[in-house]
Amino acid sequence: MTAVLPGAFTDALTRHGDRVAVTDPDTSLSYAELAARARAAADRLASYDVAGRPLRVGLYATNSTDYVVGYLAALYAGAVPFLADSAFGPFELSRIAEDCGLDLLIHAPDAAVEQVTEELLADAGEFGSLKVSRVRRSDAPPPPLLPDTEVCRFTSGSTGRPNCIEFSGPAVLAAARNWARGTGLSAEDRIACLAALSNGLAFNTSLLAAFLPGASLHLSRGLPTASRIVRLLESTGATRLVAFPALYESIVRRSSTGGFTGVRAAISSGAPLRDSVREEFTRLTGVPVHNYYGVAEAGPLTYAVDGDGGGLGTPLPGVEVIADEQGIRVRSESMGSRYLNAPGVFEERVDDQGRYRTGDQGHLLDGVLHLTGRTGRLVNVGGRKIDPIEITEVLREAAGVLDAVAFEAENQHGDTILAAVVAVEPGLTAQLLRTHCSAVLPSFKVPWVFHLVDEIPVNSIGKPSVERLRRLLADARSN
């Protein structure tokens, strides 16, 4: 089966030759320069080919021009890129490598990589600051990919491990085209992207979607603080800002107003941005916030063209949204195919009309989507979905823990956080629990707050009472 994405990127990079394609704090590449570097890197990757199937290449790094080169190189080499969140630790990276049968890893120097790799194959060179290593392989054959799979991305799910979503080339291309068309993205746009390219928010709105019309993509490094955002906006003359709600909340708390002169639209996703934050951000900066709703398995779904209104906007081209008593169900041209490492789980969430059950609840008002809650148990923290059951099991494995419950709560700003109430033996401290979790979980899955008790409160049928757990946290804060 002929791959779709290499041709789509080749066409875009050829048409827009001398225009700026992508920058980071150290590097700026035109479309022509990006094409040349990606082709050279692809030749290096192709030399590591495996017989009988495409190479499986993991990308494990933060945003940079080198990351974009590595992604394109994998596609041009006929490999399948697996975009892993750079926040994943050794435990999850090892699971991904084993579950998905990775052959190579393109990565920055990182201790987590040492747990899954056995041989350094390419140090810098065509990949700039990144390295290429061979992944340690088990004797078990890798699970077969679908014939049309061209990209794989990850999301947390009910399996207690990162679920690997397979995407066909047409689905990835449709996501980019429909986003560009539905949001009016043009060659004159300069996108300041503060979300990881492995995440759906950036992947769908700021990678191929930017390159199709000839826009420029500007990437930052390090924690996305308010001051770093201002520097990025000022240095690039950005017209669009793409970020998670927590970043907008940070700007509002610090009353940061510099750098926004040329920004026409700020795009938020991952979790609904509170109306009070949205309104205050616009008052401070003069920039409207355009909410965007998407799920990892189905791509970008809605966009709020009117940045002054509430809700998450109307469906993008190629998208159908149903909101009823069954929750929000969607069908899109950009839907994933299945979970490679969790057979049957994806399929169980698709109804007989081909609509994916998102796990969200909400309603459509005058065509605009409004969320009201979750039908499932996943906690959405800063745009990342976390399974509390997984966190509870990790806590229960710690020495001195009698029982534990992880659940969704709010911090003093009203933001969603992951909290844990833990019944412990004498001598066990919250810091020891945090250290235990950090050893096996990525940082974003470590509970924000630990509350230690002698016994977990339960309801009348013996199950933990989340209402009473939240009350315990509230009482602890007030004392």
Side-chain angles (χ1 to χ4, degrees), residues 85-96 98 110-116 156-163 223 246 249-250 253 271 373-374 376-479:
D85 192 326
S86 61
F88 287 158
F91 183 71
E92 289 190 307
L93 194 58
S94 295
R95 278 187 161 183
I96 287 170
E98 181 178 353
D110 190 290
V113 173
E114 298 173 4
Q115 307 293 318
V116 302
S156 296
S158 57
T159 60
R161 64 180 61 198
N163 289 339
L223 293 175
E249 291 163 359
S250 173
R253 283 198 295 271
R374 292 282 299 169
R377 70 185 186 216
L378 296 187
V379 178
N380 190 332
V381 179
R384 291 188 170 103
K385 307 294 184 8
I386 302 172
D387 184 358
I389 301 300
E390 177 191 8
I391 313 307
T392 295
E393 294 301 322
V394 168
L395 285 166
R396 286 173 175 166
E397 292 171 359
V401 169
L402 305 174
D403 202 359
V405 180
F407 56 98
E408 178 179 330
E410 291 185 349
N411 64 15
Q412 65 270 30
H413 302 297
D415 304 325
T416 298
I417 62 170
L418 183 70
V421 173
V422 190
V424 300
E425 294 176 347
L428 188 57
T429 65
Q431 184 55 50
L432 289 172
L433 288 173
R434 188 176 300 279
T435 300
H436 168 77
C437 289
S438 298
V440 294
L441 295 170
S443 58
F444 69 86
K445 287 189 177 183
V446 176
W448 182 270
V449 60
F450 293 86
H451 184 69
L452 308 187
V453 295
D454 296 324
E455 186 177 54
I456 299 292
V458 297
N459 58 25
S460 59
I461 59 173
K463 291 187 176 181
S465 170
V466 175
E467 180 182 349
R468 291 172 64 188
L469 293 172
R470 291 197 174 109
R471 196 180 308 134
L472 281 174
L473 292 184
D475 291 343
R477 286 196 189 114
S478 62
N479 293 332

[X] vs [Y] side-chain heavy atoms within contact, under 4.5 Å:
{"X": "Asp403", "Y": "Val422", "result": "no"}
{"X": "Pro447", "Y": "Cys437", "result": "yes"}
{"X": "Phe450", "Y": "Val421", "result": "no"}
{"X": "Asp85", "Y": "Pro442", "result": "no"}
{"X": "Val381", "Y": "Phe444", "result": "no"}
{"X": "Glu410", "Y": "Ile417", "result": "no"}
{"X": "Pro388", "Y": "Phe407", "result": "no"}
{"X": "Asn380", "Y": "Thr416", "result": "no"}

Check: [Y] main-chain N/O paired with [X] side-chain donor or acceptor under 3.5 Å:
{"X": "His436", "Y": "Glu397", "value": "no"}
{"X": "Arg434", "Y": "Thr429", "value": "no"}
{"X": "Thr392", "Y": "Val405", "value": "no"}

Kindly give the heavy-atom pair with the smallest separation between Ala423 and Ile456, and that separation in Å.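 So the minimum-distance heavy-atom pair works out to N-CD1, 3.9 Å.
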
Mind checking the CG-CD spacing from Asp454 to Glu425? Nearest 0.5 Å is all I need. 11.5 Å

